[in-house]
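Computation of the quantities below employed the complete heavy-atom set of this structure, encompassing side-chain atoms and omitting hydrogens, waters and symmetry-equivalent molecules. None of these values were measured; they are calculated from a predicted model. Every chain is numbered from 1, with letters handed out A, B, ... down the list of sequences.
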Amino acid sequence: MTVADLKSGRKARIKTIDFTHPSSFRVMEYGFTPGQEIEIMNKAFLGDPLSVSLRGTLIAIRKTDAKCIELDGEE
Amino acid sequence: MQSVLSLTAKNKNTLHGKSNSTPQSKLHSKSLITLVGSPNSGKTTLFNHLSGRKSRTVNYPGATVEYSYADFLECFSVNSKILDSPGIISLIPSSPDEKVTIENLFRHKIFGTPDLFVVTLDASQLSRHLLPALQLKDTGVNVILVITMRDILNQKGYDIELAEIRSLTGCDAVFFDGISGYGKEELSVLINYHLNNPDIPDIIVTAPGPELKEVNLINLFRRIERISENVIIKYDNSSGLTPDITNANKSLVIAGYDRKGLNKPDRTTLKIDSFMLHKYWGIVIFLCIMAFTFTSIFWLASPVMNLIDFIFRYSADYFTDAAGDSWFSDFISNGIIGGTGGVLVFLPQIVILFFILGVLEDSGYLARGAMLIDKPLSKIGLNGRSFAPMLSGFACAIPAIMAARTIQNKRERYITIFIIPLMSCSARLPVYGLLVSYLFGDEHFYSGITLAAIYLFGILSSLVVAGFINKYRSSFIKVEDNSSFIMELPVYRIPQFGFVFKSTLDNSWQYVKKAGPIILSFSVVLWIFTYFPNPDPQFKVTEGLSTEQISFLKSSERISNSYAASFGKIIEPLMKPIGLDWRVGVSLIATFAAREVFVSSLALIFKVTENEGNTRESLVNAMHTAETGTGGKKLFTFPAIIGLIVFFVFALQCISTLAVTRKETGGWRIPIIQLAAYSILAYMLAFITFNGLNLLM
């Protein structure tokens with residue numbers, strides 16, 4: 001399961017980053033790293049991009065980019 | 001900003017690197033300090049405090065795309081220059097363009113190599129903002145950390161221990177409060193100390209390489225988590241102890257305590273977002289905000305515009321009455337007052353546009369707008385990040401094209417740059433304003449709707465063009481890189497209206513300063529071309545004619561034999577098919593200097609033929625009575641005006657835009673394609689509109 005599949009208002013912990021994905025590096029630079037807790041706060045019209053709570057801030061991210069963030073499963 | 005040329009001369013010594021600069025030589029040559037930091041980390045605020053400048057801070061990631069450069073304020077007695085760099089989240093480049101940006105930090109081709117880096121970090125965002133700081137430190141340069149926004153962290157119930165951050169990062173660190181400026185003295189002392197005691201060996205400093213970047217990044221984050229774990233401590237205000245004593249007692253706090261709230265985003269922001277980014281309402285609010293922005297440009301501005309109009313008309317009449325009927329009087333009232341008045345009358349609209357853009361930016365909404373529009377824009381080869389450049393394209397294409405640098409993907413950036421000229425910039429407002437008030441007179445409601453429709457038409461055309469390029473992109477831009485959209489959504493804040501207003505006035509003044517001399521000199525040139533070579537035509541039979549009739553005869557004789565007329569006759573075959581004559585043709589040629597010249601040029605040419613008053617209202621009257629050279633038909637028919645509007649939507653009549661596109665795309669290819677495509681489109685569509693409407697009517 002990845003961030004792209006997570007429902008609004010659900011929290012989850014990042015398990016790993018898929019480094020074969022072309023956005024993986026940028027995603028990590030924004031602070032999406034294994035162990036971090038994230039939560040989907042909002043979704044734009046048509047459900048994409050997502051507004052994600054991470055490290056005390058909000059990051060807007062496209063679903064295609066969010067696909068490389070794999071989750072531990074919902075808490 | 002200072003001119004680039006003067007900077008080159010000043011920094012010759014720093015250009016050759018730091019190896020030749022000793023503390024002695026620094027007395028003669030100023031050293032250089034570069035501010036680095038993540039977007040929204042308070043970098044520009046610190047820059048303003050240290051330099052005494054008033055650069056506006058903006059609540060939008062990547063707002064600073066240009067370097068700002070200044071001296072330290074004298075009160076700090078730091079003999080150094082200070083450079084504000086664009087915000088970065090990481091030092092490892094993921095594209096050739098980012099590589100240039102990052103290499104510029106270490107060895108800027110104009111500003112040289114910095115002697116010291118000052119990195120700003122938002123205390124409440126420490127773990128993310130430590131990334132560029134540590135990457136920078138790891139390259140071996142001298143770094144001072146400046147921790148900003150400590151109050152926000154305190155509100156969450158936490159604090160940062162400076163001693164710990166110093167020992168764990170190996171950098172000196174200070175607190176700095178952006179509002180009061182607290183901490184800047186301590187920082188200046190530290191800076192002076194580091195400049196006089198450079199503790200680093202003379203190594204050649206280069207930007208970090210891409211080798212093993214994933215592993216490096218993971219290791220770096222491991223370090224970052226350890227640092228933030230250790231430096232962020234519980235902040236207990238209720239104990240009555242000062243933070244320092246709390247820090248001293250830190251060892252008493254058990255490690256691994258509950259860190260609830262630390263990683264919670266700002267609560268007010270989340271509340272506002274639940275409306276602004278609502279699944280359905282979000283897009284409705286977005287469209288309402290956009291609609292409000294564009295309609296208010298017209299409806300809010302009209303009372304002020306009427307006032308300016310009145311002042312110019314009054315002063316031109318006053319001058320003509322006072323100076324009598326001479327070439328000088330004609331020159332002043334038509335060449336100068338009439339020409340500039342026709343353009344300045346649109347200043348209120350420009351001010352309102354800049355102000356609303358500033359408020360959107362400063363409140364934090366702009367980034368949300370980018371997020372909301374990303375999905376639709378991605379369908380036509382654009383990006384959510386194209387939104388802010390496109391929006392500022394409504395003010396002026398030049399800063400807008402520069403703002404496109406925040407789009408990482410090259411293809412998306414080029415397409416954005418390509419379509420920005422289709423956004424109705426403020427220079428086109430005077431033209432549309434004139435043409436629309438010709439059609440509707442004082443009916444502000446219809447004028448507003450029509451102007452809004454013109455704007456919408458420009459936007460829709462830009463989307464069609466973008467979609468078209470995207471479809472045939474392989475022949476247009478030969479780059480296929482990963483398209484992504486990841487963007488920080490800043491905390492909402494109440495816009496600093498004072499700052500926004502000041503920068504609005506600055507921007508508007510820049511507009512007047514840039515456009516004013518061009519308009520004025522073109523007015524003068526046009527006046528000469530329409531007045532000479534036959535300034536005082538003589539008539540054999542003047543008996544039985546009133547003075548007014550003689551004066552009218554004289555001026556029409558004068559203009560039809562003028563230089564402008566003979567030039568206009570050459571281009572007349574081009575103007576006929578779109579329902580216009582040489583007089584409009586001459587004005588269209590003049591617009592290459594600046595689009596708004598169109599109005600003053602029309603004012604001048606039609607004033608001379610029609611002998612009417614000045615400024616917009618009387619120009620409209622003059623246009624109403626204007627006839628074609630042959631057969632006394634009305635010149636400005638409805639189809640001709642609509643055709644002219646369509647022409648202005650597409651025509652790329654702005655040399656500065658072409659120049660900045662060349663600079664941003666690194667060659668003449670894109671600007672030449674742009675110019676050719678838009679000129680052909682403008683002419684063909686004006687032709688189709690004019691003839692199509694003629695058939696229908």
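Taking each heavy atom of Y30(A) and I486(B) in turn, the nearest pair found is OH-O, 3.3 Å. Residue Q125(B) comes nearest to G56(A) through the heavy atom pair NE2-O, 3.1 Å, listed as atom of the first residue, atom of the second, then distance. Across every non-hydrogen atom of F45(A) and L372(B), the tightest pair is N-CD2, 4.4 Å.
For F221(B), the part sitting under 4.5 Å from any heavy atom of chain A is the side chain, from C-beta outward, and nothing else. Contacts between S38(B) and chain A at a heavy-atom distance below 4.5 Å are absent for every atom of the residue. Heavy atoms of V52(A) lying under 4.5 Å from chain B are absent altogether. Neither the backbone nor the side chain of I17(A) comes within less than 4.5 Å of any heavy atom in chain B. For L277(B), the parts lying under 4.5 angstrom from a heavy atom of chain A are both the backbone and the side chain. Only the side chain of I283(B) comes within contact range of chain A, with at least one heavy atom under 4.5 Å from a heavy atom of that chain.
Put simply, of T64(A), I59(A), T57(A), the one with the most heavy-atom pairs under 4.5 Å next to chain B is T57(A). Listed options A60(A), A66(A), A44(A), G31(A) were ranked by heavy-atom pairs under 4.5 angstrom with chain B; first place goes to A60(A). When P34(A), G47(A), P49(A) are compared by the number of non-hydrogen pairs under 4.5 Å with chain B, P49(A) comes out ahead.
Between the side chains of R368(B) and S51(A), no donor N or O sits under 3.5 Å from an acceptor N or O.
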Residue pair E225(B), R55(A): steps toward the salt bridge (charged side-chain N to carboxylate O under 4.0 Å, His left out) verdict: CA-CA 11 Å; E225(B) 312 305 2; R55(A) 293 176 187 262; 2.8 Å; yes
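Put simply, the side chain of L270(B) reaches to within 4.5 Å of the side chain of L58(A), judged on heavy atoms. A heavy-atom distance below 4.5 Å is not found between the side chains of S8(A) and K279(B). Looking at I218(B) and M28(A), their side chains come closer than 4.5 Å, going by heavy atoms from C-beta outward. For the pair M41(A) and L489(B), the minimum side-chain heavy-atom distance is 4.5 Å or more.
Within a 6.0 Å sphere centred on CZ of F275(B), heavy atoms belonging to other residues, nucleotides or ligands number 12 at most.
Here the CG-CE distance, from D48(A) to M371(B), works out to 8.5 Å after rounding to the nearest 0.5 Å. Atom CE of M487(B) and atom CZ of R62(A) lie 12.0 Å apart (nearest 0.5 Å). Of the inter-residue distances, the one linking L54(A) atom CG with R128(B) atom CZ reads 7.0 Å to the nearest 0.5 angstrom. Atom NZ of residue K375(B) and atom CG of residue L46(A) lie 7.0 Å apart, to the nearest 0.5 angstrom.
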